[in-house]
Undergrad: 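Handing you a structure now.
Note that the coordinates shown come from a computational prediction; the quantities given were computed from them, not determined experimentally. Both counts, for ligands and for their atoms, begin at 1 and track the order of listing. Quick note: numbers below take in every heavy atom, side chains included, and nothing from hydrogens, waters or symmetry partners. Throughout, residue positions are numbered sequentially from 1 according to the sequence presented.
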Amino acid sequence: MSFYVTTPIYYVNAAPHLGHAYTTIAADVLARHHRQRGEDVFFLTGTDEHGEPVADAARALGIGPQELADRNAERFKELLPRLGASNDFFIRTTDPRHEAVVRAVLGKVRERGYVYEGTYEGWYCPRCADFKTESEVAAENTCPIHHIELTREREQNYFFALSAFQERLERLYERQPQLVAPRSRFNEALAFIRSGLRDVPLTRKRLLWGVAVPWDSQHVFYVWFDALLNYYSALTFAREEGEELLSRMWPPAVHLIAKDILRFHAVYWPALLMAAELPLPRRIFVHGYLLMEGEKMSKSLGNVLDPNAVIERYGADALRFYLLREVPFGADGSVSTAAFETRYERELANELGNLAGRTLAMIERYCDGVVPTAQPDSALAAEIGELGDEVAALLDRTDLTAALEAIWERVRRLNRYVEEQAPWQLARSGERRAQLERALASLALGLRCVAVALLPYLPDSMERLLDALGVQERSLDQCSFKRQGEPLGARIARVPALFPKHERAL
Ligand code: ME8
């Protein structure tokens with residue numbers, strides 16, 4: 001079973017911000033979870049380096065576009081280990097190997113009769129690198145996303161015959177109701193298709209920062225066609241020669257995107273793949289926007305929270321947890337430093353951190369640091385249940401927030417169990433030794449279940465916790481309470497607080 005997951009490739013017109021980190025973290029959670037299921041996983045991210053957004057930003061800085069791309073691609077790359085991202089490759093669209101694939105695939109699309117020459121006229125946003133339909137144009141001819149004035153563009157272009165795919169796309173949406181999620185986005189994309197597709201420019205003449213069109217040296221490919229093909233091209237060169245990534249990984253299991261680029265992924269992309277006779281992605285999941293002060297947080301609007309500040313003070317795990325816990329995955333949601341600090345303190349430090357700290361400390365104190373091999377509590381076993389299956393089912397629906405909530409319910413349950421059992425009281429009387437051992441064995445098992453399920457979300461801290469607990473296995477099977485074995489009988493190690501409290505605010 002293969003699982004190929006992608007993020008959008010980010011524009012290098014500016015440095016990465018929290019919005020980019022968000023998609024990357026979500027993709028990483030899915031990649032890590034599927035690895036725990038023993039699947040063959042490939043996780044791709046990278047940078048989109050051509051087109052007007054990049055050329056304009058470079059011009060404003062007085063440098064060349066390649067120089068800007070090199071500078072900012074490095075910043076996107078550097079952010080990945082800081083986020084704890086376990087991507088298998090990082091693609092840059094100025095890589096000549098990518099450019100060659102773009103030329104080959106789009107050349108094939110032309111050979112198959114889906115490219116023709118014509119004149120285009122319409123409203124264009126240089127930040128979106130996108131033509132707006134009449135209904136999308138905001139008041140006074142502005143872009144609804146960037147609030148800048150749109151320009152009226154008229155040019156001689158090569159066109160992609162998107163309209164030829166109208167019926168095939170409608171049929172695809174009928175056949176594959178899971179293609180786009182959440183449902184509201186599926187409906188939105190389908191409504192766009194049903195409203196009647198028009199052909200779209202495939203190349204641009206004025207703009208010279210792009211992949212040269214092989215059949216006409218006056219043109220470069222429109223950046224979106226170049227960009228979308230990254231998902232395919234990467235697999236042709238991301239690994240050593242002889243490794244068959246394409247046949248192993250294609251088609252993608254899930255593309256993660258935000259709603260700003262829905263139309264490109266849910267309409268143009270399947271049409272392009274059909275035109276090139278390539279299998280289609282299984283799923284496109286559209287998450288919402290992180291909002292700060294009620295606006296989409298974006299580099300061009302300037303209201304940006306630097307993920308680096310959070311990571312430096314609290315670590316990547318805290319940022320990962322906060323974003324996926326605070327904002328229901330698929331919906332828009334506000335983020336703030338105050339809400340971050342509250343959740344960190346309440347949930348990571350007081351709930352999970354204390355559960356782990358107390359469990360380890362009690363095993364140390366009452367059992368000389370060895371997890372008792374007692375028969376665990378069957379009532380608790382029923383409540384922890386098949387956590388791994390539950391999480392897997394929710395993540396198969398790309399519901400990262402619900403999966404985290406399902407795990408968190410167990411964290412809370414285990415904390416209540418500590419209070420109910422009050423092992424410190426049981427320890428006072430020798431007669432209740434069996435009950436004490438059962439309680440501590442149950443807590444250690446329960447902690448193993450939640451820590452393994454949380455590994456994709458909190459890879460660094462849960463790795464440390466599982467090591468301390470004496471658990472070697474990391475597979476999802478370890479989230480079943482019924483499965484005994486590790487860490488019963490293991491010698492535990494004490495670790496410093498997983499989520500230390502901080503005096504200073506962000
Ligand atoms: O669109 N909240 O690049 P981009 C949540 N190069 N996610 C956000 C966000 C926010 N406030 N801001 C950005 C492009 N994102 C193209 C993509 S793909 C073939 C080409 C995330 O740098 C989200 O994933 O503008 C969004 O779709 C993406 O960054 C846009 O990144």
Undergrad: Counting N and O atoms only, with roles assigned by atom type, does the side chain of R37 sit under 3.5 Å from a partner on the main chain of L476, one being a donor and the other an acceptor?
TA: no
Undergrad: Taking D226 for its side chain and F221 for its backbone only, find out whether a donor-acceptor pair lies under 3.5 Å.
TA: no
Undergrad: Could you walk me through whether D40 and S2 pass the side chain to side chain donor-acceptor pair (under 3.5 Å) test, one step at a time?
TA: CA-CA 5 Å; D40 188 16; S2 79; 6.0 Å; no
Undergrad: Please determine, by modelled atom types, if T133 and R198 share a side-chain donor-acceptor pair under 3.5 angstrom.
TA: no
Undergrad: Applying a 4.0 Å heavy-atom criterion (strictly less than), which segment of F264 is in contact with ligand 1: side chain, backbone, both, or neither?
TA: neither
Undergrad: Below the 3.5 angstrom mark, is there an N/O of H20, backbone or side chain, next to an N/O of ligand 1?
TA: yes
Undergrad: Do R204's NZ or CZ and the ring of Y124 fall within the cation-pi criteria of under 6.0 Å and 45°?
TA: yes
Undergrad: Could you tell me whether some N/O pair between H265 and ligand 1 is separated by less than 3.5 angstrom?
TA: no
Undergrad: What do we get for L18 next to ligand 1 when only non-hydrogen atoms under 4.0 Å count, side chain, backbone, both or neither?
TA: neither
Undergrad: Within the structure, does I257 bring an N/O atom to less than 3.5 angstrom of an N/O atom in ligand 1?
TA: no
Undergrad: Is the shortest distance from a heavy atom of Y231 to ligand 1 less than 4.0 Å?
TA: yes
Undergrad: Of all residues at least two apart in sequence or in a different chain, which pass the side-chain hydrogen bond (donor to acceptor under 3.5 Å, both in side chains) check with D95?
TA: R97
Undergrad: Counting only heavy atoms, which portion of I261 has something under 4.0 Å from ligand 1: side chain, backbone, both, or neither?
TA: side chain
Undergrad: Please state whether C128 comes within less than 4.0 angstrom of ligand 1, counting heavy atoms only.
TA: no
Undergrad: Is there a polar contact between ligand 1 and D260, counting only N or O atoms under 3.5 Å apart?
TA: yes
Undergrad: Can you find an N/O atom of Y22 closer than 3.5 Å to an N/O atom of ligand 1?
TA: no
Undergrad: Is K259 close enough to touch ligand 1? Criterion: a residue heavy atom under 4.0 Å from a ligand atom.
TA: no
Undergrad: Without placing hydrogens or testing angles, list every side-chain donor-acceptor pair under 3.5 Å for residues 185-193, not counting sequence neighbours.
TA:
unit_1, atom_1, unit_2, atom_2, d
R185, NH1, E188, OE1, 2.6
N187, ND2, R183, O, 3.4

Undergrad: May I ask you to check whether A258 has an N/O atom sitting below 3.5 Å from an N/O atom of ligand 1?
TA: yes
Undergrad: For A227, is at least one N or O under 3.5 Å away from an N or O on ligand 1?
TA: no
